[in-house]
Amino acid sequence: MDYKDLADLIFPDAKPVEYYEEKYPERNLKEGAIVTRVAPSPTGSTHIGTLYQALIARTVARQSDGVFFVRIEDTDTKREVEGGIDNITGSLNYFGLGPDEGMVSGTEEKGYYGPYKQSLRKEIYQSFAKKLISEGKAYPCFCNEEELNKDREKQEKAKMRPGYYGEWARCRKVTVEDAINKIKAGESYVIRFKSPGNENRKIQVSDVIKGKVTFPENDLDIVIIKSDGLPTYHFAHCVDDHLMRTTHVIRGDEWLSSLPLHIQLFKVSGYKPPKYCHIAPIMKNDNGNKRKLSKRKDPEAGVSYFAEIGVLPEAVKEYLLNIANSTFENWRRANKDKSIEEFPFQLNKMSVSGALFDFTKLFDVSKNVISRLTAEEVYNYSNEWAQKYDNDLAKLLEDKEYSLKVFGIERNNSNKPRKDLSKWSDVKDNIIYMYEAPTEFDYDKITGEDAKRVINEYAKTFDISDDKQTWFEKMKDVAEKCGYAREVKEFKQNPDKWPGHVGYVSTVIRVTLTGRRNTPDLYEIIQVLGKDEVEKRLVK
RNA sequence: GGCCCCUUGGUCAAGCGGUUAAGACAUCGCCCUUUCACGGCGGAGACAUGGGUUCGAUUCCCGUAGGGGUCACCA
């Protein structure tokens, strides 16, 4: 009896690997085309890190005329969450990061290298595992959890490196005959990879982002097929990325230390390993310590959070691109109207260490994204957001014609549009006074009877049909009449001559009309508010 | 703890042996014919630390400290 008999006993129905090699041939792409993917597990809401990886992967694939695909890694049936795949594909779509190939919903996929859901590829993995067993490069292991734990304890006590390797790899020494008998007797087992590595030898691997990294060789006989017949991540990665003809594996750098194992797996299998790009995670400052963004603790770790607070997907992507390649900012400034797809992204320019997620910066990016929008777009997006998250705002926006005018203030016909909105949840506060007369007034410098007088004088001269210049002059007239300086400059030269200047006066009017001291251009506000409303608000 | 990676202003970061050590966000001041948002100008603010190597180190090497990752039949 030999390895082949053992392999046949374990996986009697597995097809030869040649079948799959033929079914999934080398891709016919141009030189330098990058085939890459995002490979999330359907374990709940989509993580910002997944989005980050997808953005990067898709960008480099697009720019090289390659392929970006989505593969679902659902081999851990315990952790899988209902609707998890839909959540991922939905998020990807929402952010405009849909794939060229792979899963497009919980049940649908596209492309010729599928299935793209690992649980559907069971027989493929078994076929490749069978090959390794028949070549003596993998073997069944009958150790149970208890034995494994005991060994680990012993190792820890003896200050030895824990794990299933060398002398500790007991089932490596089980003869083929014994193994066959145990299996026939119904013993439960997993398949382990027989590592040819030596802990004392070093290997140097080259990562596209991290550069050259030196590791001890892997000598752990890791599990490749679990007792439920499904593969572990390591084996699935090797089989899938070989068969899907992936050229670049872009993934979080928590995988960096498995690199010696993965490369070994490829080499022993006789396949060319892909290029690896390990990206640093997005971090969070937690009481002075950096840690990875966590879905449990940080709302911004979940991708849906940005929809909730009303930050555009485009803004999130721009911010992420900013973190990924710091040259993006300069590019954006020089190419204000270009799509971010045109940005020449460079994988090897990515930072090797994790960046702190910075809301302030995100909002700044977002503010600029919104400033490039038309009033109509701002209206549509806010309205869409309000329908879902803010009833009060939705009610305000029911009058579309008027709202369009409101959003048009200092936006339409302006090459320097306002930048006071960074998210849709800012909108209501920002425009409320255009819909409801203010009830509280803090006039700042001019108060009481003096303020009343200013308002009365202004009301006397108010004429909605004044052009801006005339309106402006009238404001100065009011200032003069009430004893304030016409010009700010004059006042500054002689601050003792007047109790204040025209700015003080306009503030009173501004507050009377809007209830606040900070607003966009008052003249435009008055024009949009209209004669009747302005006059009503001027009655004191 | 073993192994691996990282360390430039508050944050994101250029830099790759000789620079007045870029830029962006944030912050402060001034200007922008009246506020605010823009925009402009300017200010403050950094090479973790100790040794080497070198004529010269932010840049190269070693140590220390700090941070991160990883050591599963999870991905």
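Within every chain, numbering begins at 1; the chains are lettered A, B, ... in the order of the sequence lines, protein sequences first and strands thereafter.
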Visitor: Return the pairing partner of B/C30 with a 3.5 Å limit on both distances, Watson-Crick or G-U wobble; otherwise return none.
Guide: B/G40

Visitor: Need one value for A/Glu329: base, sugar-phosphate or nothing, where a base atom within 4.0 Å counts as base even if backbone is also close, heavy atoms only.
Guide: base

Visitor: Choose from B/C12, B/C5, B/A37 the nucleotide whose nearest atom is closest to any side-chain atom of A/Lys210.
Guide: B/C5

Visitor: Considering every strand and a 4.0 Å limit on heavy-atom distances, what is the contact class for A/Ser353: base, sugar-phosphate, or nothing?
Guide: sugar-phosphate

Visitor: Taking the C1' atom in each of B/C55 and B/A46, what is the distance between them to the nearest angstrom?
Guide: 27 Å

Visitor: Less than 3.5 Å apart, any donor N or O on the side chain of A/Arg510 or A/Thr519 sitting next to an acceptor on the other?
Guide: yes

Visitor: Would you mind reporting whether A/Val505 and A/Tyr458 have side-chain heavy atoms less than 4.5 Å apart?
Guide: no

Visitor: Out of B/U70, B/C4, B/C71, which nucleotide sits closest to the side chain of A/Ser257?
Guide: B/U70

Visitor: Across the strands shown, which category fits A/Trp471 at heavy-atom distances under 4.0 angstrom: base, sugar-phosphate, nothing?
Guide: base

Visitor: Are A/Asp240 and A/Arg37 ion-paired here, with the side-chain N under 4.0 Å from a carboxylate O?
Guide: no

Visitor: Measuring to OP1 and OP2 of B/U70, would you say a side-chain N or O of A/Ser258 lies under 4.0 angstrom away?
Guide: no

Visitor: Looking across every strand, which nucleic acid part, if any, lies under 4.0 Å from A/Arg251 by heavy atom: base, sugar-phosphate, or nothing?
Guide: nothing

Visitor: Look at the side chain of A/Arg161 and the base of B/C71, then say whether one donor and one acceptor between them are separated by less than 3.5 Å.
Guide: no

Visitor: A/Arg291 near the nucleic acid: base, sugar-phosphate alone, or nothing, with a heavy-atom cut-off under 4.0 Å?
Guide: nothing

Visitor: Remember a base hit wins even if backbone is also touched, and classify A/Thr327 as base, sugar-phosphate or nothing at under 4.0 Å, heavy atoms.
Guide: nothing

Visitor: Which one, B/A75, B/U11, B/G39, comes nearest to the side chain of A/Leu356?
Guide: B/U11

Visitor: When both hydrogen-bonding distances must be under 3.5 Å and the geometry is Watson-Crick or G-U wobble, what is B/U7 paired with, if anything?
Guide: B/A65

Visitor: Can you figure out which of B/A75, B/A24, B/C36 approaches the side chain of A/Asn518 most closely?
Guide: B/C36

Visitor: Under the 3.5 Å rule, do the base of B/C36 and the side chain of A/Thr519 count as making a donor-acceptor pair?
Guide: no

Visitor: Is there a side-chain contact between A/Lys445 and the phosphate of B/U35, meaning an N or O under 4.0 Å from OP1 or OP2?
Guide: no

Visitor: Provide the Watson-Crick or G-U wobble partner of B/U70, both distances under 3.5 Å; none if there is no partner.
Guide: B/G2

Visitor: Can you tell me the Watson-Crick or wobble partner of B/C47, both distances under 3.5 angstrom?
Guide: none

Visitor: Mind checking if A/Lys290 touches a base, just sugar-phosphate, or nothing, with heavy atoms under 4.0 Å?
Guide: sugar-phosphate

Visitor: Distance check, rounded to the nearest 0.5 Å: A/Tyr523 atom OH versus A/Glu410 atom CD?
Guide: 13.5 Å

Visitor: Name the closest nucleotide to the A/Ser326 side chain, picking from B/C73, B/A13, B/A75.
Guide: B/A13

Visitor: So which nucleotide from B/A13, B/A75, B/C36 ends up closest to the side chain of A/Ser41?
Guide: B/A75

Visitor: With sugar-phosphate meaning primed atoms plus P, OP1 and OP2, does A/Val352 contact a base, only sugar-phosphate, or nothing at under 4.0 Å between heavy atoms?
Guide: sugar-phosphate

Visitor: Among B/C32, B/C25, B/G68, which nucleotide sits nearest the side chain of A/Lys489?
Guide: B/C32

Visitor: Does the distance from a Lys or Arg side-chain N to an Asp or Glu carboxylate O, for A/Glu80 and A/Lys78, drop under 4.0 Å?
Guide: no

Visitor: Out of A/Asn335, A/Val369, A/Leu321, which residue meets the side-chain contact (heavy atoms from CB on, under 4.5 Å) rule with A/Ile340?
Guide: A/Leu321

Visitor: Counting only Watson-Crick pairs (N1-N3 plus N6-O4 or O6-N4) and G-U wobbles (N1-O2, O6-N3), all under 3.5 Å, who is the partner of B/A22?
Guide: none

Visitor: Please work out if A/Ser351 contacts a base, only the sugar-phosphate, or nothing of the nucleic acid, heavy-atom cut-off 4.0 Å.
Guide: sugar-phosphate

Visitor: By the 4.0 Å heavy-atom rule, please label A/Thr360 as base, sugar-phosphate, or nothing.
Guide: sugar-phosphate

Visitor: Could you tell me how far apart A/Phe491 (CZ) and B/U35 (P) are, to the nearest whole angstrom?
Guide: 13 Å

Visitor: Please work out if A/Phe215 contacts a base, only the sugar-phosphate, or nothing of the nucleic acid, heavy-atom cut-off 4.0 Å.
Guide: sugar-phosphate

Visitor: Hey, which sits more toward the 5' end of RNA chain B by its nearest nucleotide, A/Arg418 or A/Thr232?
Guide: A/Arg418

Visitor: Kindly say whether, by distance alone, the side chain of A/Lys226 makes a donor-acceptor pair under 3.5 Å with the base of B/C73?
Guide: no

Visitor: Nearest to the side chain of A/Asp420, heavy atoms from C-beta on, is which of B/C5, B/G23, B/A37?
Guide: B/A37

Visitor: Under 4.0 angstrom, heavy atoms only, what part of the nucleic acid is A/Met475 near: base, sugar-phosphate, or nothing?
Guide: nothing

Visitor: Quick check: A/Trp471 with A/Phe462 (ring centres under 6.0 Å apart)?
Guide: no

